[in-house]
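Counting convention: from 1, in listed order, for ligands and their atoms alike. Worth knowing before you read on, the calculation uses all heavy atoms, side chains too, and leaves out hydrogens, waters and symmetry mates. Note that the coordinates shown come from a computational prediction; the quantities given were computed from them, not determined experimentally.
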Amino acid sequence: MKCVAKTQAQLSARTDCAVIGVYDKAELTKDGKALDKTLKGRLSRIVASGDFAGSIGDTLLIPDVGTGPVARVLLVGLGTRASWNLRAYRRAALAAMQALLKCAARDACVYLSTESVEGVDAYYRARLLTQALAQASYRIPSLKSGRKPAPPALTQITLVAHTPAELGAVQTGIAHGEAIGTGSALTRDLANLPANVCTPTYLATTAKSMARTHRSIRTTVLAEPALKRLGMGSFLSVTRGTAEPARLIVMEYRGGKKGAAPTALVGKGVTFDTGGISLKDPGGMDEMKFDMTGAAAVFGTIKALAAIKAPINVVGIVPACENMPGSRATKPGDIVTSMSGLTIEVLNTDAEGRLILCDALTYSRRFKPTAVIDIATLTGACVVALGQHVSGMMSNDDTLAQNLLSAGRRSADPCWQLPLSEEYQEQLKSNFADMANVAGRDGGAITAGCFLWKFTQGLKWAHLDIAGSAYVTGANKGSTGRPVALLVDYLLSAKP
Ligand code: BES
Ligand code: MN
Ligand code: ZN
């Protein structure tokens, strides 16, 4: 699928499908009104008839608009003017792309790119449209037997730029949107694969193959003996109950100045979380194959940065293992020593994410990073607190937190800040070790963040809990590819 940018003047005479926005109460957009004139009032008659009211996310395909330069028109509901914002824009964009991919048009001219929306410019509008196209085109790597569905007819989409001055911004928006699209697709692929395919070894192989494809990426994989030498007793305590070998995957993306300090991304890579000896309930346990989405988001983000050739340095650090209740598994009450030297009493083996992340955070220090961001499906409590629409975010640095909040807002991949404070830390006290790995039910997302906080002294650090945003459940069960858009946006724009 190709995405191109054109100014109104450069538009070719013919298109298979013009995509036109309609506000609630049957109000055509400016571009819609112009096309309506060419089509001798056909569009205004349709909206006036009540057949298409313009509710947000609704679409109507008009397959035959006559013999003119436009073969079809796809009307897309934008909702009311009062509720028109970036979220509505994203919703309309996704609905438009889904409908386009279903129809027989081979090319399309999308006018939504000219519809202004508060808080973002032409670059973001083009980027969001391109991301929406990638999201709508995504197909789960199918392990179903039988015939594969036919590919869509659509091969090219033109995004319209208002003015020649806007053309460059739209082109960059398309390039970045495509990169974020392929990055998120990698994240979704890895997360959607079953845990008997997507093992720590599989993740390591993927990271190595990324380094072969992109000269800007260098991958190093550490196996268990090396982790033992590093003193990663906390990470290793999680993998004790499984026969599947653990890996620490390090991916260095070098697009910036040689020697310039990188940003570190640390992703939770639990390829399956049974809970260990503190075994989970069976209902929905299959979803714990998604417990490596933090790791997958690190992969997807680095892939996107390499495609963009972003002029920055980033290091991705992924501790990958399974959490299984084997005969050598860590038992509740066992005490382990982390790489930092702090000892941890493992009161609940199901709180394993923090145990692998704390050692990876300590490991990140060797890169002298300007900032460290960990990404993890860390707590069910975060899903209870925030649901699926925003990721939880905690940080020990206000500027970093603000930059992540803005990046999330701009990229329509939002996060929401939760507090960190000493009072919560107290809940992690242990009678037998420096700390316990759990702190009771209350404020579970925050106390998990507080646990990690203890390992980040002197670092500018933020934690993204994506337990709710990483995947959807129910009939459309699958990975969302979040928070790749947020991370790429942050890395392209923010310091620290
Ligand atoms: N991977 C889970 C968190 C999770 C739960 C992610 C639901 C997505 C959906 C994590 O390892 C876990 O089990 N956390 C425990 C922590 C508790 C024992 C303190 C939880 O949330 O129950
Ligand atoms: Mn767990
Ligand atoms: Zn987990």
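- Classification of Arg127 and Asp489 as a salt-bridged pair holds, one side-chain N sitting under 4.0 Å from a carboxylate O.
- Looking at heavy atoms from C-beta onward, Tyr202 lies in side-chain contact with Leu193 at the 4.5 angstrom threshold.
- Checked against the 6.0 Å centroid threshold, His214 and Tyr253 do not count as a close aromatic pair.
- By the 4.5 Å heavy-atom criterion applied to side chains, Arg482 and Pro414 are counted as neighbours.
- The atom of Glu352 nearest to the Mn ion (ligand 2) is OE1, with the search restricted to N, O or S atoms.
- In terms of distance to the Zn ion (ligand 3), the nearest N, O or S atom of Glu352 is named OE2.
- The shortest side-chain heavy-atom distance between Val372 and Thr456 does not fall under the 4.5 Å cut-off.
- Between Tyr490 and Ile373, the closest side-chain pair of non-hydrogen atoms falls below 4.5 Å.
- Vertex the Zn ion (ligand 3); arms to Lys268 atom NZ and Asp273 atom OD2; angle 180° (nearest 10°).
- Looking at heavy atoms from C-beta onward, Leu464 lies in side-chain contact with Cys415 at the 4.5 angstrom threshold.
- No donor-acceptor contact under 3.5 angstrom links the side chains of Thr242 and Glu244, judged on distance only.
- Using a 4.0 Å cut-off between a side-chain N of Lys or Arg and a carboxylate O of Asp or Glu, Asp374 and Lys268 do not qualify as a salt bridge.
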Run through all N or O atoms in ligand 1 and write down each protein N or O closer than 3.5 Å, as a pair with its distance.
residue: ligand 1; atom: 1 (N); partner: Lys268; partner atom: NZ; Å: 3.4
residue: ligand 1; atom: 1 (N); partner: Asp273; partner atom: OD2; Å: 3.2
residue: ligand 1; atom: 1 (N); partner: Asp291; partner atom: OD1; Å: 2.8
residue: ligand 1; atom: 1 (N); partner: Asp291; partner atom: OD2; Å: 3.0
residue: ligand 1; atom: 1 (N); partner: Thr377; partner atom: O; Å: 3.4
residue: ligand 1; atom: 11 (O); partner: Lys268; partner atom: NZ; Å: 3.2
residue: ligand 1; atom: 11 (O); partner: Asp273; partner atom: OD2; Å: 2.9
residue: ligand 1; atom: 11 (O); partner: Asp350; partner atom: O; Å: 3.1
residue: ligand 1; atom: 11 (O); partner: Glu352; partner atom: OE1; Å: 2.8
residue: ligand 1; atom: 11 (O); partner: Glu352; partner atom: OE2; Å: 2.9
residue: ligand 1; atom: 13 (O); partner: Lys280; partner atom: NZ; Å: 2.7
residue: ligand 1; atom: 13 (O); partner: Asp350; partner atom: O; Å: 3.0
residue: ligand 1; atom: 13 (O); partner: Asp350; partner atom: OD1; Å: 2.8
residue: ligand 1; atom: 13 (O); partner: Asp350; partner atom: OD2; Å: 3.2
residue: ligand 1; atom: 14 (N); partner: Leu378; partner atom: O; Å: 3.4
residue: ligand 1; atom: 21 (O); partner: Gly380; partner atom: N; Å: 2.6

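- Expressed to the nearest 10°, the angle at the Mn ion (ligand 2) joining OD2 in Asp273 with O in Asp350 is 170°.
- In summary, Asp291 places no N/O/S atom under 2.8 Å from the Mn ion (ligand 2), failing the contact criterion.
- The N, O or S atom of Asp291 lying closest to the Zn ion (ligand 3) is OD2.
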